[in-house]
Structures are given as structure tokens and as C-alpha cells.
There are 2 protein chains.
Amino acid sequence: MDQRTAADYLIASKQCEILGLEQLLRTGRLVVSVSNLVHALQRERGASNMYVASDGQRFAGEITPLRACAADQEAQFRACLNELDVDAASLPGASRLFSRIAQVIHGLEELRGARETIDALDMDTDTLVTGYSELVQGLLAVVFEAADSAADPDISRVLVAMFHLMQGKEFAGRERAVGAAGFARGGLDAGMIERLRQLIENQERCFEIFAEFADGEPLALWRDGGVEPCPAELERLRRIAFSATRRTTVGADCCDRWFDEASRRIDAMKRVEDRLEATLESLCQEKIAAAEQDLRCHRDEIEVLAEEQSTGEGFALFANGPEGEASGAVAANDVTYAADVARSQLGRSLADLVQSQSRRLQVMSEELNAARAALNERKTIEKAKGLIMRHRKISEEEAYRFLRQVAMSQSRRLADVAADTVTMEDILKQ
Amino acid sequence: MDQRTAADYLIASKQCEILGLEQLLRTGRLVVSVSNLVHALQRERGASNMYVASDGQRFAGEITPLRACAADQEAQFRACLNELDVDAASLPGASRLFSRIAQVIHGLEELRGARETIDALDMDTDTLVTGYSELVQGLLAVVFEAADSAADPDISRVLVAMFHLMQGKEFAGRERAVGAAGFARGGLDAGMIERLRQLIENQERCFEIFAEFADGEPLALWRDGGVEPCPAELERLRRIAFSATRRTTVGADCCDRWFDEASRRIDAMKRVEDRLEATLESLCQEKIAAAEQDLRCHRDEIEVLAEEQSTGEGFALFANGPEGEASGAVAANDVTYAADVARSQLGRSLADLVQSQSRRLQVMSEELNAARAALNERKTIEKAKGLIMRHRKISEEEAYRFLRQVAMSQSRRLADVAADTVTMEDILKQ
């Protein structure tokens, strides 16, 4: 069997980078379709909620076109899914990604039945909002996996920004639903006020991370496009929501104004998302082009080196070590010496190519770790929640509230308290 | 086009797990071949070093069979490499792995020339030891990448243990070389003593991590097989090495005893490595068998569910949410109600399968992060070293010594000082 040379493996390393980038391009397109489907479902959820809350009096006309729009986006999402190869494990993190997709597909199938129940006004608003929200959360989990498995640090940064923007936007959507339900009945009760407060807080945390990882046009649009700072009118309505209880009934038009203002801000977030998606697509294309260019150059260089290749070499690669020592194999007469130098320079240039590829990949891997730290925090919080749920036998939401209370009472970050909880468990297990 | 169902993606998720495990099995076999090749090179290095140091008087007979043994192991290593598919990016972290392999193949080609130079007694011992050591270090980097890309937390733990055992054993090999060189000339100078101290310290740090991640038979063999605690005779010779300078010449037999004792301990480490490799192989086999069994069960269950599948479903998946609320879609008459319950139970059992797969993968991903923390520490130290090298324009070894001095003077862990260095750089860059 023909043995592969160092040059073969160097080229294989470059080719794998290109294949990985091409997969990221496909994953990026899947993320775009998820973003659009989520937006359509958020709008359908909003209208359906108002429809059920008003006992079929309002939004009856809006629902059909919004469902048609969601169906279009679902078709595009499924088309992107069909681009993924389910027979090969060639996608990194493929098993987690497919598991998330299974959950979403199942949810989308259930949605058909749920719509009939909504038409019959046979579902309460809590079930409705929870149902749509879980489906959206499942879609966001697909984006999370995509971000978590990206191997390029720059693309990973964009995906981390994207995930947190989408997650923040979803909290904004739920805030809109809770506020609308509260205003519709003349004022929010204590439980609703608490939920509103949490949703605003969660939004802000997501947006902080978004702003940390985004840059360029998307970040500029974010700051000038009606998202951040939150528009004054929406802040005023938030204040009314917090202060007006049922005793001091709010104006009848508050509900509509709230819905419109919140929707306007959510639409502005969607425009930032779209811009971020364009960034992602062009970044993938640029990286692929650069990697292909790099591979071409390397092939040429390697061919030249292979032709000049002498048969025996000393420790040229190693002589280039930390001490900067030349090879000890310097013979007594000048001819041998010159041959040795030439040989060692030749060895060194292939060694240089190999080492520069190694070093580049190592730097990438370090930067990747930094980008993923934001995602790992989220995993830690999930794990801590799970531990608390099991230990205290409480619901997921109660566990989250418990974690938050501990963090607030100790003036610490939620993620740090979560990390301590997980460490504590590890210690207790031993 | 036929649309894939949730069940299809659930099965795809399971299949990807199996493919990933099969790849890990192949990677595990590559690691075994690396372990054997490293051991052969370490022995060849030891004998060649003694041969050159004694000006060809000693170990002349040993070198040829040791080289033949290394050549056998190299052939097996290359056979394992040929099992890897270089055309597909189906291996996780493939580009980094191939880049490391390119470096090793290049080094092995250089080794042929270096051996001729050694035969001619035309290489000094420093160049010789550095050359072999860099080659071994390149082989260890292959194991590092294998450990870093494993997606199963249990297998990842074994690979992390394996990498640190191999790295510690390599430090022990270099300790043997430095000590042998020192004893051969009647005593160690200050620089050799300092190097010896560092090599012992580095060994111990690696072995701590090994002991943290290993368990069962390998750990037992480690504790009872002549590795840990370090045998008394070797400790005694270490003490002599530290205290005897050239002025108080050591006994003439010290050099041989040192070489034999150090070799005996290194061979004991190799036996632990072999045991760990057997553990790795059987762990992979067990996991594959379990995953295949799991997939068969799921296929059966899913077929049953698919036959019973009703057309419309409510938010059954979501009704199973944190609040434990039943679906709101409970109709007035009993028949509809019963149908709803049946439907929702059906929905729930497919949903259960999907959710349990998701949850299992999530827990795995969290455990994986824990196993990788040990590897990330290493990456941080590498990065900090690089920063210090650039900033202070010093060699890699000097940068490492600098980091260690800072850590000692502040009584802190090396990894923590490295992490601070990296953070500082990030802050200074902004």
C-alpha cells in the first residue's frame, strides 16, 4: 500500500477545514430558516392569544394569513433539513442536533391539532402560550446546537450572538403576551408582574451577551434601530403595567398600544437578526474562499518541495526547536556542510508549513473555547436547575426562581451560583 | 419529496451516536499504536544517548534491535493511520488531528537521516535527546487531539487519563536521560539539577491528573505495580543526583543503577498504559453494543407508535411541561375526553422517547465539559506561554520557567497564573 506522506496529511488537514466550513454554511442556512419560522410562530402565537382571550371577538381575520405564513416558513425549514445528510455522522454534534430536530418536528405535527382546538375556542390562553413557547424553545435549541458545534471561532461568535438575540427576542415575545393578557383584563396581578419582571431581566441578560459577541452593522442597527435602548413609550407602558393593579384600572387603549409597541420592537429585533444572518452567510463564503486559496498555494509549494526532496534528512524539524540550535550534524568539510544546510533549509520549509498549520489551528481552538464559554454558562445553569428540581422536588420554573433568589441575596451572578451548585453536587457525590 | 418524521430524526440521532463510537474505537486503536511507538522511541533514545555519550563504547549492540522494534511499531502506527479516512471530514477535529499527523510523519522521515548521523557519532547528546523528544511530543499531540475530540464522556475520561499518563511517562524518560548524562560524567551541574527538578515536578502534575481520571484495574496496577509511590531505590538515586556535584563524585555504578531503576519504573508505567488501553477498547465495544441494542428497542417502539398514530394531536408534548398541566383541550363529553387522553398518552410516549434522548445527550455534553477542563487547562498554559514568548522575546522553555516562577512566588497553581495572563492580554487588547 502506498504510504501517505506528511504533505498528504497537511493537505488533508486543509481539506477538512474546507469541508467543515461548507457544513457551517449549510447549518447557517438552517439557522436562517429557524429564525424565520420562529418569527412567524411568535406572530401566530400573539394573534391566537388575543383571539382566545377576547373569546373570538378580535384577531379572527389575522389568524389565517399568519398561519399560512408559518406554513411557508415551515416548508422552508423542512427544505433546509432535507439538505442535511442524516445517514452520515459528518456533522459535528450530529446526534444532539438530530435529537433537537426530532423534538421540533414532533411539536410541529402537534401544532396542527392544536390549531383546530384554538379555532373551536377550546383551549385556555395559558396552555396556548405555553404550547407555542415550548415549540419556539425547541427551535432555539437547534440554533444552540449549531452554535455549539461550529469549529470556526469567528463563525461561532456570530452564531453565539444570533442564539442570544433570538432567545432575547423570544423573551420579549412572552413579555408581550403576559402584558397583553394583563392589560386586557384591566391590570396585572402580582404573579403576572413577577413574570414580567423576570422576562425583562432575562431579555437584558441575553442582549448583553449578544452585544458582546456581535459587531459591525448588526450591532449598529441594534443601537439605532429601535431595540436598544428600549423606546420610551414601551418603557412608559411597562411602568404602568408594574404600578397599575386591578384596583386602579388602566385606560382601555393600553392593551392595543402595548401590543403595537412591543410588536414594533420585536420587528426591529428581527431586522437585526436578518442583518446578522447576512453577515453569517458572507463570513462563511469568505472563509471558504480563503481556505480554498490557501489550499491551492500549499499544493503548489508542496509540489516544489517534493521535487527538491532529498532522501535523508537530519533532525531539521527539531533543530528548529526552542533553543534555536542548529542541527548537530555539521560535518567537518565544507561540501558536506553546505549540503547539510541546504537539506536542513528544505526540511525547515516543509516543517514551517506543517507548524504554521498546527499553530493556526491551535489559536483557533483557543478562541473557540472563549466563544463557547457563553454557551457553557447556559449548560451549567440548565444542569444546576436539574439538580435543584430533583433535590427539592420542584418544577423547572421554581428551580430557576430559587437559583435567582440565591444569586440576588448574595449579590452574585446567576451563572456563578449555578457553577457552585454543580460543583457542590460533584463534591457531595464522592 | 417524502418528509422525514420526528421518528426518523430520533433514529438518525441514535445512529450518529453509534457512528461516533465506532470512530472512537478506531481512534482508540490509533492511540494504542502511538503508545507502543512512543515506548519504542523512548527506549531507542535512551540507548542511543548512552551510545553517543560513551563515544560508541557502550550500547552498540542494543541499538540495532531497538531500531527494528521502533520500525515495527512505526509500521503498525501507519497501518492504523491508513484506517482513517482522509477524504472525509467525518472525524471530529479532523483538521487538527491530520495537522498533528503531518508533523509526526515528517519527523519520522527525518529520523532515518538522524540515525545515520548517530551511527557516525556525529551528533551531540543534546541534539539527539531534543530530536527524539520533539518527535515523541508530536506523537503525544496526536493523543491529545484524540482525547479532545471524543464525544463520549466516559471514553473521554479514559483518553484524558491516557494522555496524562503518556505525557508523565515521557517526562520520566527525559528524567532518565538527564540523570544518566549527569551520573556518566560523575555528577550533575546546577543546570541539570534544575532540569531534573522540573521534570519530576511535571511528571507529578501529569500523574495527579491521571489518577483523577483513571479508575478500576489501571489505577490499582498504578498503585501496586511499582509506579506510585516512586520506588525507594530510585528516590535514593534522585537524592544523590541532587546532592552530589562533581566535587563529590558519585560511585561508578550509579549511572547503571540509575538507568536500570528509571527504566524499570518506565516499563511499569507502560504496563499501566496497556491496561488502560484494554479498558478503552472494551469500553468502546460495550458502548457500541449498548447503543445498538438501544436503537433496536427504539425502532420496535417507534413502529408500534407509528401504527397507532392518530392524525391530529393537541399540545401533548407541551402539556407535559414544567407545570404538569394536562392539555386544555378536554372536551365536555366523556367519549371525546377518553379519546383525548389516549391521544395525549400516545403523543406522550413518542415525546418521552424524544425527550429522554435529548436529556441523555445534554447530560453527556455536561460531563464531557468536565472531562475536557483538564485539557483546556493545558491549552491555556500553551497560550500563556506563547504570549510571554512574544512579549518578552524569550524561548518557550524560558517562558514556561517564568510562568512557574510567578506561580511559586505567589503560591498559586500554574494553570491559574496562565489563565490570568491570558485574561490580562484580552483586557490589554481592548
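In what follows, chains carry the letters A, B, and so on, assigned in the order in which the sequence lines appear, proteins first and then strands, with residues in each chain numbered from 1. A quick note: this is a predicted structure, and the numbers were derived from the prediction, not measured.
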Interatomic spacing from CD in B:Glu382 to CZ in A:Arg359 - rounded to 0.5 Å: 11.0 Å
Choice from A:Asp148, A:Ile11, A:Ile101, A:Leu10 maximising heavy atom contacts with chain B below 4.5 Å: A:Ile101
For the student: nearest non-hydrogen atoms of B:Ala94 and A:Cys16, plus distance: CB-SG, 3.7 Å
Value rounded to 0.5 Å, distance of CD in A:Glu109 from OG1 in B:Thr5: 6.5 Å
Side chains of A:Val104 and B:Tyr9 in contact at under 4.5 Å (non-hydrogen atoms): no
Side-chain touch B:Ile105/A:Arg4, heavy atoms, less than 4.5 angstrom: no
A:Arg96, part contacting chain B, at a heavy-atom distance under 4.5 Å: both
Gap between atom CG of A:Leu97 and atom CG of B:Leu361 - 0.5 Å precision: 11.0 Å
Verdict with reasoning, B:Ser13 to A:Ser95, per side chain to side chain donor-acceptor pair (under 3.5 Å): CA-CA 4 Å; B:Ser13 172; A:Ser95 68; 4.7 Å; no
